[in-house]
Amino acid sequence: MSDIVKPVEDLTEAEAQAELARLAQEIAEHDRRYHGEDDPIISDAEYDALRLRNAAIEARFPELVRADSPSLKVGVVPSATFSSVAHSVPMLSLDNVFSGEDVMDFVASVRRFLAWPADQELVFTAEPKIDGLSMSLRYENRRLVTAATRGDGTTGENVTANIRTIGEIPQQLPADAPDVIEVRGEVYMRRDDFFALNQRMAETGRVFANPRNSAAGSLRQIDPEVTRSRPLRFFAYAWGETSETLGETQFDVVRRFADWGFTINDGMQRCRSIEEILTHYKAIEAERAALPYDIDGVVYKVDRLDLQARLGFRSRSPRWATAHKFAAEKATTVLTGIDIQVGRTGAMTPVARLEPVTVGGVVVTNATLHNEDYIRGIGNSGQPIREGRDIRVGDTVLIQRAGDVIPQILDVVMEKRPADAVPYVFPERCPDCDSHAVREEGEAVRRCTGGLICSAQAVERLRHFVSRNALDIEGLGEKQIAFFFNSEDPALQIRSPADIFTLKARQEKSLTKLENVDGFGTTSVRKLFAAIDERRKVEFSRFLFALGIRHVGETNAKRLARHFISFSELRRVSEAAIAPKDKGDKGNADWQELNGVSGIGAIVAESVVEFFAEDHNREAVEALLTEVTPLDEKPVGTVETPVSGKTVVFTGSLEKMSRDEAKAMAERLGAKVAGSVSKKTDLVVAGPGAGSKLKLATELGIEVIDEDQWFERVGGA
DNA sequence: AAACCTCGAGGTCG
DNA sequence: CTCGAGGTTT
């Protein structure tokens, strides 16, 4: 590097370009020496200075960012990774409610599900919702063996070494604790401790935004000794797997945790009515500011554990609990502009650019505006939102972070609207490819019709293809995709999914090498090719999801994969399927098979059929299949129960459970629940007052039992 | 009508 | 990781 360093602001574009090139090479060289030869020739401070300089120049000339920029490097800096832990009992999130009315709905839905008589008392617990990170602590033979974060609810990160440094968490449980117990709760940091920590950290130039992030950051340290120096605490309030029954009520079990040495929150209380619940909510809300830690609401749970078991779970949350959130903090700021983003489906989403403002502990600069109607003040079903006030550039707007997370524009301060502010005109052409953008009848989104010629869509489709839950190719992020897509060199270009897999071969034949020309670095190039090769065999459902067919997300891809087992079978049926043309028509057998897959309706089925009907899609898939093999879906291991695989119909009135509960129970046991009796029905459960369905069942010779016999039959399962 | 799914978005940390 | 809007299925 030259001795005289010109201030970044004085650099010309050409100078900046030259310097970025030099920095990329230089930093790569130091990385190589540092990691490979363990013989660094400059100090860490000098090295940091180089990277800072690189970042500063890139910030001023974003268009000059090189694909091999040190700021994008993959695989050079070892990232903090923890091993993963599968939760034996999933760690679900809670449903949210925001008003007293919502609370009443929640209680009503619980009562309805249990068919609980109106005059009979139903007890709930209510406790402050701590704003921290949920954690699962597994004890075997009364010793702490694993501590895991929630992760996606199924699999979390193993942070045991760090958790052991928290004084409030017992390493050892007393003799009366079960052999196996997962105690769950919240790791958090008190506000005063957070301020003190930030004061200490201020010298390093990096501080945390709020106690919650502070706790999260402290827990993800590679070195447990760093975590030890952070004032983390823990409240126990729930549990996962246990080897024995812990008690009869939520309240009693949590109190037992206290006996074992855990800290429990003293704000937890039993409530016997909606009135008591709301009174306690108000009490906690009033106390909120005086508490030494952050809370973001109140959690209600059905107290009796036998009732919790009956209520069970929805796909992502228990039916027996909910979180009553406090009103989010609000702020006003100025809307400086509205940009349009084009997604992989062509959806044009308006994004608000805001004067930076701090809300709820973080700086907000962007907020989604969802769609054209939302800006105009029109809601989902045509009714006015914000009393019909539209949003204009220049407006002063009221914002909040929905659920304390996602920035949202709530309203416009009309008194502050500039006199020259004009209504926002939603573009009717794509900002990227200038194609017409159309709004389908009855839809809220406007979509670019550019399809193949729209590079914004193409890039988004590729990003989707390589994303975490699709092909999951490490080292191909947003920046890299954009670079390969825009590359002029045929040996480097990636325009379609198949191109990803031919990249290495094209490279080898070409004179331009990725590690030379763009200096990705030998290591990162090797890693990238390895990551790509790893995906040449991939689960059918991931492959299908990656294709980006409309309405086929993760869940529907899984459903289709489970049904068709192989990709070729799905393709065969989809190409042969003929959708119904008018009302009387039912389509052919292939259509009916597709449409008959559980959870797949006409709209989704049609979307799949249309995808395979397009020549260019078929060509793209064909090209991809020469490189990638989707593996046949493994048949799901079904648990054998007396009713698994059976189609069951409930009719008449049920006395011990509601219809919903009966349905959930039957489905949990692997049965399919139908609404009407047909020759496909295997079993009818009839209560008093059963009429035509019972009659039909008898006529068809289908087995009929009553509610008690149902319980006898499935009692063991 | 309720529950579920898709899709696109924002912010923080490592 | 999380949210909200809009759409789909049952």
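Residue numbering restarts at 1 for every chain, and letters A, B, ... go by the order of the sequence lines. In what follows, every heavy atom counts, from backbone to side chain, and hydrogens, waters and symmetry copies are set aside. Please read these numbers as outputs of a predicted model, since none were measured by experiment.
Here the side chain of A/N366 is nearest to one of B/dG10, C/dC1, B/dC4, namely B/dG10. Listed nucleotides B/dC13, B/dC7, B/dG11 differ in distance to A/N213; the shortest reach to its side chain belongs to B/dC13. Here the side chain of A/F208 is nearest to one of B/dG14, B/dC5, C/dT9, namely B/dG14.
The side chain of A/R150 places an N or O atom within less than 4.0 Å of a non-bridging phosphate oxygen (OP1 or OP2) of C/dT2. Under 4.0 angstrom from either OP1 or OP2 of B/dC7 there lies at least one side-chain N or O belonging to A/R344.
In this structure, A/S93 reaches neither bases nor backbone, as no heavy-atom distance under 4.0 Å exists between it and the strands shown. If you check every strand for non-hydrogen atoms under 4.0 Å, A/S109 touches nothing. Here A/R319 lies out of heavy-atom contact (under 4.0 Å) with every strand. A/A216 comes within contact range of no nucleotide atom at all, as no heavy-atom separation falls under 4.0 Å.
A cation-pi contact, defined as under 6.0 Å to the ring centre and within 45° of the axis, links A/R386 to A/Y374.
A/T336 has its side chain out of reach of A/V393: every pair of non-hydrogen atoms, C-beta onward, lies at least 4.5 Å apart. Looking only at side-chain heavy atoms (C-beta outward), A/M135 and A/T149 come within less than 4.5 Å of each other.
Inspection of the A/E606 and A/H551 side chains reveals no N or O donor paired with an N or O acceptor under 3.5 Å.
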Legend entry - A/K129/A/E186 under salt bridge (Lys or Arg N to Asp or Glu O under 4.0 Å): CA gap, chis, key distance, verdict: CA-CA 9 Å; A/K129 184 172 193 298; A/E186 201 87 351; 5.7 Å; no

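Between A/E554 atom CD and B/dC4 atom C1' the separation is 14 Å, expressed in whole Å. Note: CD (A/E157) to C1' (B/dG14) measures 10 Å, nearest angstrom.
Applying the salt bridge (Lys or Arg N to Asp or Glu O under 4.0 Å) definition to pairs two or more places apart or across chains, those involving residues 325-343 of chain A are A/D339-A/R353.
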Inset, instruction - Fill in the dot-bracket string of DNA chain B, one character per base: . for unpaired, | for a pair to another strand, ( ) or [ ] for pairs within the strand, taking Watson-Crick or G-U pairs under 3.5 Å. - result: ||||||||||....

Output a table of nitrogen or oxygen pairs between the protein and nucleotides 3-6 of chain C separated by less than 3.5 Å.
from, atom 1, to, atom 2, distance (Å)
C/dG6, OP1, A/N371, ND2, 3.1

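The distance from the CG atom of A/L462 to the CZ atom of A/R344 is 12.0 Å, given to the nearest 0.5 Å.
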